[in-house]
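To start, the structure itself, in structure tokens.
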Amino acid sequence: MEAVRFALRSADALAATLNLRRTLNCVMDLAVPYFGSWAGLTVVDGQHLRRVDSAGADDFADSARPTRLRDLDTAAVDALEEAFTRPRVHAAPAPPAVLTALGVPPGSAEQLAAPNAHLVTVPLPMRGWGRVVLAVVGRGEPGGAGLDDFARRAATAITAAAAYDERATLAGTLREALVPAPLPVIPGVELGASYRPAQEATRIGGDFYDVTPRADGRWSLSMGDVCGKGVEAAVLTGQVRQSLRTAAVVSDEPATILRLVNDTLLGTHGTKFVTAAYAVLKRDDDGIHVRLAAGGHPPPLLLRGGMVRPVPVRGTLIGMLPDVSFDPVDLRLGPGDLLLFYTDGAPEARGASGLLGLEPIEALLGDCAELTAQAVTERVLQLVLEHLQGRPHDDIALMAVRCTADRPR
Amino acid sequence: MTSPTSVASVFDEYFAALTSGDAGAAIALALDELDRGVPLIDLLEQLVAGGQAEVGRRWARNDWNVAQEHRATSVSEEVVAALGARATPSGTGRRVLVACADGEWHALPSRVLTAALRGAGCQVTYLGASVPTQHFAQLLHELGPDVTALSCALPTRLFDAREMIEISRGAGIPVIVGGRGFGPGGTWGLRLGAHDWAPDARGALDVLASDALPAFTDAAPPLIVADGAIDAVRRRRRAIRDESMARMTRALPDVARYDERQLRRTEEDVDFILDFLCAALLVDDVGLFTEFVGWLVEILVPRGVPAATVADGLAVVADVIGAEAGPYARALEFLAAGTAVATGAARSAGG
């Protein structure tokens, strides 16, 4: 009965996590005290060796470094090779090389002197990831009942976790390049942004925003929404953001920059289009001068003295046609004024009563006169999410720029 | 070491900086105290959290408007960031994933916790305010934390918190909760499957230092929700709100005179009432709802809404819910208890 309970508990616990470190530690958590008083896993991957044991050793923690195989003495390496080939039971006293190879702590090694005590090693039947041996210090019938079954289950879980770990690392690195970068700190300018991609699990999507310094001391601000969703869209945002940055080197005119991006997109394979707003910002003694152009993008909202109005900026969708036109506007933000950029995922959020629309956003924004820029984007996102009540939605990006009261110096 | 009064002696000066929105002064003061040897945890708890509690009190009394509250909160966040940056050793301790439930926008308590845990050597991943549940689920496997720490200021986020507790425990990872949203003594959090509750950052450090949390946990126990009250209320939610608003504007003279903005606020209040009602049903605690009503009265009275109007409004909501047949017994019982609280407040204000 106990064996059945243990088998069920092991199966549940091992299936629960996909994290490699947690899985290895979970194997230890299960093995002791069921199979013995100490258990350890020794993992050899290429030229490196790592251990996890029931006494708290954890070479899979971030701070830990693997041991190099060549730093072990030859007898230990031989003992390890032996342990990888077939299951073994060492009665006391176990050879010192075996104890070293498996990292049995002195206290547990001493327990081997007791009558009936033994050290069992089982190579795990791994498929495609490293070589792993499970070692247990126990008493009574070697390995107790079910050690082989347990080893097989552990191997399956560890293999899956290792595969997940590799992909997660890869995906994490790529994601870092695709999610919006943190906003810079600009004297006299307050920035805030909130982002809620349609694919909430990965947090990547087809909306983007960027604020980057220009060589001439001004700042470039962009927000856009590429066609499509999810990973493909995110890859396209990467291209568009790169094109915008390159175009910003050769021009300081937002309309020209958008035109260059249009040409770049037309030159690439496949149908790719994007809506974008692009602004060049200059903070001076009186406020922020904004030169703004947009292509197919919703006009940003200007909050000034409690009143909200859209900034009339028009332009062609980018990436569809060779002939595009943009009508850039010049705008001055005085102290306290705030400009809210958004993608259409916000007003087009579909809740129980239909689309949210722009009016509630404008009404809310009118009440936000004295909030920080970050608080403003969070309040608007909150409004949108409350309207959605958990329903699926398009990517939603919001960015606010406020001219602060204090002078930039 | 330093005397416990050390932080108290600079509190007024610090709060003045919060009041004027002077982040530079507040940061300088906090870092000075840190340099003088005041423990990080004392500064986080007594200065930052203490200051923020006072901000909350002033907002509740309507002494401060939302803008003042936000300005002070943003200074507090900068102070936590500065303290965290100064005091962070490279941790090798336990891995903790700190998150706010989806829809929970009060990020400061979790920031304070993050700084305190880092100061104590933990390896912390901080996910910030309003974490999408699916994102949380994915990160749990990627990061493989030893503990999940959930922060929740408003009981209305308990549904999302429950989901995150289920997900974390499903991955074998124990959960510690904190924040007023989990109820007095964390009762509601524990009922939803959390392993432990801490009243503040120091309490969380104590829990982590103790053996209170298992290394690996089983799945969260199922909730005991006997009737279909929550689903029934949630399904009719919008209709209940709209019908309640319509009846209030007809039946309550105060509300009949409201302008558009006041009506919008009232609609938000009705939404809030329904949110809290559902949360109270989730943890099956009428106290959650009556405490909310007490708080609502406290908030609305200084803003020109008398307690009697709150009582009338609650009665209207109960009428609307009760007008349709359904598993509403518990909901109506809770609403009646809430109405009694508001009526009591109205009576004591009048007499």
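Just so it is clear, the model here is predicted, and its values are computed rather than measured. Just so it is clear: chains get the letters A, B, ... in the order the sequence lines come, proteins before strands, and each one is counted from 1.
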Between A/Arg196 and chain B, with a heavy-atom cut-off of 4.5 Å, which part of the residue counts as in contact: side chain, backbone, both or neither? side chain
Measuring heavy-atom distances to chain A, does B/Pro145 have an atom under 4.5 Å in its side chain, in its backbone, in both, or in neither? backbone
So CD of A/Glu200 and CD of B/Gln138: to nearest 0.5 Å the spacing works out to 12.0 Å
Count the heavy atoms belonging to other residues, nucleotides or ligands that lie under 6.0 Å from CZ of A/Arg167, then report whether that count exceeds 12. no
Which one wins on heavy-atom pair count under 4.5 Å against chain A: B/His135, B/Arg71, B/Arg264? B/His135
Give me the contact list for residues 376-383 of chain A versus chain B, heavy atoms only, anything under 4.5 Å, ordered by residue number. A/Glu378, A/Arg379, A/Leu381, A/Gln382
Please classify the contact between A/Ala61 and chain B as side chain, backbone, both or neither, with a heavy-atom cut-off of under 4.5 Å. both
Note: A/Ala375 and B/His70 closest approach over all heavy atoms is CB-ND1, 3.3 Å
Report the distance from atom CG of A/Asn19 to atom CG of B/Leu143, rounding to the nearest 0.5 Å. 7.5 Å
Do the side chains of A/Leu371 and B/Val66 get nearer than 4.5 Å, heavy atoms only? yes
Roughly how far, to the nearest 0.5 Å, is the CG atom of A/Leu385 from the CG atom of B/Asp102? 7.0 Å
How would you list, by chain and number, every residue that makes a side chain to side chain donor-acceptor pair (under 3.5 Å) with B/Arg234, sequence neighbours excluded? none
Has B/Asp63 got more than 12 heavy atoms of other residues, nucleotides or ligands less than 6.0 Å from its CG? yes
Check A/Arg175 with B/Glu142, please: is the shortest side-chain N to carboxylate O separation under 4.0 Å? yes
Quick one: are B/Phe216 and A/Leu30 in side-chain contact, heavy atoms under 4.5 Å? no
Any salt bridge (Lys or Arg N to Asp or Glu O under 4.0 Å) pairs touching residues 148-160 of chain B, not counting sequence neighbours? B/Arg157-B/Asp160
Hey, mind stepping through A/Gln374 and B/Ser74 against side chain to side chain contact (heavy atoms under 4.5 Å, CB included) and telling me if it holds? CA-CA 9 Å; A/Gln374 183 61 40; B/Ser74 115; over 6 Å; no
What part of B/Ala215 gets closer than 4.5 Å to chain A, counting heavy atoms only: side chain, backbone, both or neither? both
Side chain / backbone / both / neither for A/Thr23 at chain B, heavy atoms under 4.5 Å: neither
Under a 4.5 Å heavy-atom cut-off, does chain B meet the side chain of A/Ala161, its backbone, both or neither? neither
Can you say whether B/Thr217 sits under 4.5 Å from chain A via the side chain, the backbone, both, or neither, judging by heavy atoms? neither
Expected contact set for residues 165-176 of chain B against chain A at heavy-atom separation under 4.5 Å reads B/Gly170, B/Ala171, B/Gly172, B/Ile173, B/Pro174
Sidechain-backbone polar pair: A/Arg21 side chain, B/Gly144 backbone, donor-acceptor under 3.5 Å: yes
Are B/Arg261 and A/Asp367 close enough for a salt bridge, meaning some N to O gap below 4.0 Å? yes
Crowding at CZ, B/Arg303 (>12 non-hydrogen neighbours, <6.0 Å): yes
